[in-house]
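Beneath this line is the structure, given in structure tokens, with notes to follow.
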2 protein chains.
Amino acid sequence: MTTGGPRARYREQTRTEIKEIALRQLAEGGISAVALTRIAKELELSGPALYRYFANRDDLLGSLIGDAYQDLAAAIGEAAQASAKYTPRHRLLSLAGAHRAWAVAEPHRYLMIAGTPLPGYSAPPETLAQARAALGPFLPLFASAQPISAVLPVAEQMDTWVHQEPAVAAWVAQYLDTTDGADHALAGAVMAWTRIHGVVSLEVEGLYSGMGHQPQTLLEVEMNTLADTFRLG
Amino acid sequence: MTTGGPRARYREQTRTEIKEIALRQLAEGGISAVALTRIAKELELSGPALYRYFANRDDLLGSLIGDAYQDLAAAIGEAAQASAKYTPRHRLLSLAGAHRAWAVAEPHRYLMIAGTPLPGYSAPPETLAQARAALGPFLPLFASAQPISAVLPVAEQMDTWVHQEPAVAAWVAQYLDTTDGADHALAGAVMAWTRIHGVVSLEVEGLYSGMGHQPQTLLEVEMNTLADTFRLG
DNA sequence: TAACCATAGTTACAGTCTCTAACAGAAGCG
DNA sequence: CGCTTCTGTTAGAGACTGTAACTATGGTTA
């Protein structure tokens, strides 16, 4: 679609080069280490030239955030494919493990999407879709679940949500054959996401340092107890 | 202790004035909005004067982080006192609610301690103690718990931890009369902390926006299921 | 009381960074 | 071939952190 002339091609290539250097800076020094001037220097360009490719620094970071979301969603999607034939409980552990593995491998990118939001940055509408792409593979695991009654308050809120917003219903329909059990599926997905984020963000932020447990083990326990709560097989 | 002459008093007062302005900047624009030059301008001082009071920007932020930890720990401690006579399950909900209430009331301060770590900032040793002060009140709730077997992997890791590090044993002893059940207590506290962080950080970071549930409800469900897992009364 | 000196403040400046303005050259397109 | 658009340049404004060198002041002490 954007395959215009050779000019558009060159433009796209320069954009990716810029992003590659930005990713390296991100990996080395965190988000605040991403500096347009130093990227320009490395490309042997002069500072303002970069503004031909990204409107400003937030635009560049937003692009990185979008890529990161997509990568994470892809990693989870692959795990979902690979584990499709196993039990829901097994698949839940698999998806959670894939989520954590990605985050641990790319801590700064994970923090960019799951950590403190940028000061003035407001996520573009696509972000919502990308977040839902990452969450979607969790839905089928809980579709036919029979959660214990303690979960009902959340399931009820999910029920009204899916009935009020057609976009949500459409999203759920992508991952579920029937819309039956959408409330349980959404409740399970949100709770899984929440617990995974709890374990993984504390690990990646280094707040578990000096504590005597392995995040991997904790994550497995969290997912197993969640599977119990939803009475997964 | 630091009550030296009048000079030390004035110094301390200026430090708190600086921190007050910094807190306002933090509340208004997040951590990146805390700027020494603008603090100086507001105090009608010239920029470099502030370096008499804080070695550098990280030093100032570190001081704010320490205060925030202490405030959060105090809020949780108060909730523990106020709910001391109730059931462990009720107390767990109470402590979690206090944690969340503090975070929602002071989102930027919460993100400062629980969010993306500062680039070059490495927490001073006191931070560990402060984190443990916030976690301590959770310990007694789980001291005599009989968790389901799924939790055992974590409890075992906690057991070796408390046996290997005397500092941890001492910390646990502050909140538990007996060191019996320290493994369950630590496992429960860490899991509670993890789940609370999961819910609250997603809420504060705005990642729940556009989702059809109330964080408060979700937090209660998370704590109730945790209480189930530990078979709390 | 007078001298002293640590402290709190100053200006000047170096260096980094974002981003705008004005302009120059070159590649593509009709 | 000429026009236009895109890509790049230099110059510079403005915000920020942090250092260096210097000055004034007020508490402490002989």
Side-chain angles (χ1 to χ4, degrees), chain A residues 2-26 28-65 108 112 118-122, chain B residues 2-26 28-65 108 112 118-122:
Chain A
T2 353
T3 345
R7 226 153 187 177
R9 290 170 63 90
Y10 178 68
R11 178 180 181 77
E12 215 42 47
Q13 203 216 316
T14 309
R15 272 179 71 99
T16 58
E17 272 179 47
I18 291 170
K19 293 209 282 189
E20 276 168 17
I21 299 176
L23 274 180
R24 217 171 51 235
Q25 293 181 343
L26 180 72
E28 282 165 9
I31 216 169
S32 67
V34 178
L36 294 182
T37 61
R38 279 186 299 117
I39 293 175
K41 203 165 287 174
E42 199 161 328
L43 283 171
E44 292 183 314
L45 284 177
S46 236
L50 292 204
Y51 289 82
R52 299 287 176 199
Y53 299 95
F54 292 94
N56 50 41
R57 185 168 176 269
D58 271 11
D59 186 25
L60 170 58
L61 294 179
S63 176
L64 296 183
I65 290 173
H108 289 294
M112 208 168 37
L118 299 180
Y121 178 78
S122 67
Chain B
T2 354
T3 347
R7 225 149 186 180
R9 289 170 62 92
Y10 178 68
R11 178 180 180 77
E12 213 44 46
Q13 202 215 316
T14 308
R15 272 179 70 101
T16 59
E17 273 179 47
I18 292 170
K19 293 209 283 189
E20 277 168 17
I21 298 176
L23 275 180
R24 217 171 51 236
Q25 293 182 342
L26 180 72
E28 282 166 11
I31 216 168
S32 67
V34 178
L36 294 182
T37 60
R38 280 186 300 119
I39 293 175
K41 203 165 286 175
E42 197 161 331
L43 284 170
E44 292 183 315
L45 283 176
S46 237
L50 291 203
Y51 289 81
R52 299 286 176 199
Y53 299 96
F54 292 94
N56 49 42
R57 185 169 177 268
D58 271 11
D59 187 24
L60 170 59
L61 293 179
S63 176
L64 295 183
I65 290 173
H108 288 295
M112 208 169 35
L118 298 179
Y121 178 77
S122 66

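Letters go in sequence order (proteins before strands), and every chain restarts at 1.
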Letter by letter from the 5' end, nucleotides 17-30 of chain C scores (B base, S sugar-phosphate only, - none; protein heavy atoms under 4.0 Å) SBBB-B---BBS--
Please give me the minimum heavy-atom distance between Leu43(A) and Glu17(A), naming the atom from each residue. CD2-OE1, 3.3 Å
For Phe54(B) and dA8(C), what is the distance between atoms CZ and P respectively, to the nearest whole Å? 13 Å
When the distance from CZ of Arg15(B) to P of dT7(C) is rounded to whole Å, what number comes out? 14 Å
Mind checking whether Leu60(A) and Ile39(A) have side chains closer than 4.5 Å, heavy atoms only? yes
Between His108(B) and Ile31(B), is the side-chain contact (heavy atoms from CB on, under 4.5 Å) condition met? List the steps. CA-CA 7 Å; His108(B) 288 295; Ile31(B) 216 168; over 6 Å; no
Would you give the length of the straight line joining atom CG of Leu64(B) to atom CG of Asp59(B), rounded to the nearest 0.5 angstrom? 10.0 Å
Could you state the atom-to-atom distance from CD of Gln25(B) to C1' of dA15(D) in whole Å? 13 Å
Nucleotide dG26(D), atom P - distance to CZ of Arg9(B) in whole Å: 17 Å
What's the shortest heavy-atom distance between Ser63(B) and Arg15(B), and which atoms? OG-NH2, 4.4 Å
How long is the line joining CD1 of Ile39(B) and C1' of dC16(D), in whole Å? 12 Å
Protein-nucleotide distance (Leu50(B), atom CG; dT7(C), atom P), rounded to Å: 18 Å
Rounded to whole Å, how long is the line connecting atom OH of Tyr10(B) with atom C1' of dT25(D)? 12 Å
Between dT17(D) atom C1' and Leu60(B) atom CG, what is the distance in whole Å? 13 Å
For a quick test of reading the model, state the closest non-hydrogen atom pair linking Ile18(A) to Phe54(A) and the distance between them. CG2-CE1, 3.7 Å
